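For reference, the structure discussed in these notes is given below.
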Amino acid sequence: MIKRRKYAEALFKVLGLSSLALAVGTLALLFGALVVHGIGRLDWQFLTSFPSRHASQAGILPAVVGSTLVMLVTACAGIPVGVAAGIYLEEYAKRTWFTELIEVTVTNLAGVPSIIFGLLALGLFVYMLGLGASILTAGLTLALLILPVVIVTTREAIRAVPVHIREAAFALGATRWQTVADHVLPYSAAGILTGIILALSRAIGETAPIVTVGALTFVAFLPPAPITSQPPYLSFEWLMSPFTVMPIQMFAWVSRPGEDFAANAAAAGLLLVGMTLTMNGLAIYVRYRMRKRVFW
Amino acid sequence: MARSLDSSHVGSAEKGEWPKPLKAEACELSFYYGSRLVLKRVSVPIAQGNITALIGPSGCGKSTFLRCFNRMHDLYPGTRYEGAILLYPEGRNILDRQVDPIEVRMRLAMVFQKPNPFPKSVYENVAYGLRVRGVRDRRVLDEKVEQALRSAALWEEVKDRLSALGTSLSGGQQQRLCIARALATDPELLLLDEPTSALDPIATGNIEELLQDLKRRVTILIVTHNMQQAARISDWTAFMYLGELVEFGPTKRLFTTPTNKQTEDYITGRFG
């Protein structure tokens, strides 16, 4: 009797371990292949050069700059809106069928294929609002894409603040906004920030919606600089500039024949994975640091 | 609800057993969670400068009753008050829809069952009520914080670590911190919801002693499930059962010669 139960136990151990090995092994293999192929090309020249017909002279500079600027727009547009919506839904909205409906919709939006967001953006930003295939369009598109994720993680982080902390603030005469701004937000900042970073790290690898809104695949220039020599010294022309991003650049290289371009693609992939892992690492660090000061 | 709201109607309080002057008074207070009636026409006077204790078995509605005083139930949907809580000297009904709950909470302070300091510094915990009221002057804050911590008998223990997290103190210290936080804004009435139920006997003793000192300055209404505690510290006691007020009277009298059979059974430990 005991023997049979132990047998089941051992069976599960083996099963679980092999599943884990399969998952981690595949990932390691992929990453290993990227490293082997790409590490040789990942040098200063590669990072600071424009794309070229000659694989050995080609670089990823416009794609890195493009990705960075698109992320900047995404963050500026997506984070405030997402966090505010999350706060509203969790702290202010009354529980009615309508808010329930909104909640379900938001959760489902997180699962909509990203190319659908691309189509929406093509119609809305590119044609209706006439923003063109610009950094602004791409940034706003990705902002839409991460919005549901930001809203959901914000709500979860806020919900983790115990009721008795809110009651303590209210009992002292705080308004709802004072309670949110002085307590709920600071105490849930770690969770919210983690959600934001993870959402951005997802957005940086997105390709489909960016292709849909019309990003270029061969960009031999940089967007206009945001700081100029003449007053008012700030320029937002770059928002309207054509652009490319790293996954698209990578795809462009992959689709070209020849070993050397494949190496470029691997190097770009390595850089992209590196950036994503760095952001995830940052998320873990932020969570760890801030959790240390918040407990109840 | 149509009955008169003056104090003459309460049957269980005999002549000469009605406190004076009053700080507040619950008049025929009923309370609903959704359609469930949890307080049934409860009338209790709160004597100024005294400690009034609410006792009764778990689920009798004493905490619900206490939370009516600072309109805590307003935070949750589906709750409804009937009747009145008059706050003296002006005698206004603080449950009136016209009265902003924040205005009420500015005058009444509350200490909860579980110590709930904010995960901020000791200083910021005590100062928060003042900050909410717009106090920015550092000197005023410093002075008020020290005063409140002294009143809560915590100053000597924390004066060297005002910047430590409030949540890092011991349980008893945390609860005294919450009392200091409540006192910092000079409330007229201090509401305590089983403040010692999560504490050990020594910490409990400290807080009981503290309340005796405090009642000279602030009227206290305390919920407790501990009858000995009510007998030790309070001047007046209200015994509640199943959402109703069974008996109200001076603590000494109520614990020695209860007029109601249920009260007697409860205080002699026959149920509850």
Side-chain angles (χ1 to χ4, degrees), chain A residues 86-103 154-194 286-296, chain B residues 63 66-67 69-78 100-121 124-135 148 163-168 174-175 177-178 180-185 187 190-193 198:
Chain A
I87 293 171
Y88 181 82
L89 278 176
E90 202 58 38
E91 296 288 328
Y92 286 85
K94 292 213 166 68
R95 295 263 154 260
T96 62
W97 65 269
F98 188 65
T99 48
E100 298 276 327
L101 185 72
I102 290 179
E103 270 165 36
T154 300
R155 294 189 56 188
E156 269 162 19
I158 287 178
R159 216 175 302 159
V161 177
V163 175
H164 61 80
I165 295 284
R166 288 187 179 78
E167 287 193 344
F170 281 121
L172 286 166
T175 61
R176 198 164 278 276
W177 173 243
Q178 283 173 321
T179 307
V180 169
D182 298 340
H183 301 286
V184 176
L185 274 186
Y187 307 154
S188 58
I192 295 177
L193 223 55
T194 311
V286 164
R287 188 197 287 266
Y288 171 73
R289 273 305 297 272
M290 293 175 93
R291 283 279 157 83
K292 266 213 305 214
R293 277 201 59 86
V294 177
F295 55 90
W296 24 70
Chain B
S63 284
L66 186 81
R67 289 162 67 92
F69 277 76
N70 67 347
R71 302 270 301 263
M72 227 45 192
H73 300 299
D74 287 39
L75 296 173
Y76 305 100
D100 190 332
I102 291 175
E103 194 189 324
V104 177
R105 294 179 200 138
M106 297 288 241
R107 297 176 57 182
L108 275 58
M110 182 154 175
V111 175
F112 296 81
Q113 183 170 2
K114 193 176 160 241
N116 57 355
F118 301 125
K120 292 182 188 281
S121 68
E124 283 305 322
N125 262 285
V126 182
Y128 187 66
L130 300 160
R131 291 202 189 278
V132 161
R133 286 156 179 76
V135 179
S163 56
L165 279 182
T167 40
S168 66
Q174 285 191 20
Q175 196 60 302
L177 178 63
C178 292
R181 183 173 69 183
L183 291 174
T185 53
L190 185 61
L191 309 167
L192 300 124
D193 187 1

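Note that the coordinates shown come from a computational prediction; the quantities given were computed from them, not determined experimentally. Residue numbers begin at 1 in each chain, while the letters A, B, ... track the order of the sequences.
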For [X], look at atom [atom1] and say whether over 12 heavy atoms of other residues, nucleotides or ligands are found less than 6.0 Å away.
X        : atom1 : value
Tyr76(B) : OH    : yes
Arg95(A) : CZ    : yes
Tyr92(A) : OH    : yes

> Going by heavy atoms in the side chains, are Asn116(B) and Pro162(A) under 4.5 Å from each other?
Replying inline: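 A side-chain contact under 4.5 Å is absent here.
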
>> Between Pro119(B) and Tyr187(A), is there a side-chain heavy-atom distance shorter than 4.5 Å?
In response: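 They are in side-chain contact.
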
Nearest 0.5 Å, please: how far is [atom2] in [Y] from [atom1] in [X]?
X         : Y         : atom1 : atom2 : result
Thr179(A) : Tyr128(B) : OG1   : OH    : 5.5 Å
Met106(B) : Leu172(A) : CE    : CG    : 10.0 Å
Arg176(A) : Leu75(B)  : CZ    : CG    : 6.0 Å

> Quick one: does Asn70(B)'s side chain have a donor or acceptor within less than 3.5 Å of a partner on Ala171(A)'s backbone?
Replying inline: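 A pair under 3.5 Å: no.
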
>> Donor-acceptor pair, distance only, cut-off 3.5 Å: does the side chain of Lys120(B) make one with the backbone of Asp182(A)?
In response: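 Checked: pair present.
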
If I measure from the heavy atoms of chain A, does [X] come under 4.5 Å with its side chain, its backbone, both, or neither?
X         : value
Leu130(B) : neither
Arg71(B)  : neither
Phe69(B)  : neither
Pro101(B) : neither
Phe118(B) : both
Leu165(B) : side chain

>> Between Glu167(A) and Arg67(B), does any side-chain N to carboxylate O distance fall below 4.0 Å?
In response: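 Judged by the 4.0 Å cut-off on N to carboxylate O distance, Glu167(A) and Arg67(B) do form a salt bridge.
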
> If every non-hydrogen atom of Arg181(B) is compared with every non-hydrogen atom of Ala168(A), which pair is closest and at what distance?
Replying inline: NH2-CB, 3.4 Å

> Considering only heavy atoms, which portion of Val163(A) lies under 4.5 Å from any heavy atom of chain B: side chain, backbone, both, or neither?
Replying inline: side chain

>> Is His164(A) close to chain B through its backbone or its side chain, or both, or neither, when contacts mean heavy atoms under 4.5 Å?
In response: both

> Out of Met72(B), Met110(B), Gln113(B), which one racks up the most heavy-atom pairs below 4.5 Å with chain A?
Replying inline: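 If we count pairs closer than 4.5 Å to chain A, Met72(B) comes out on top.
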
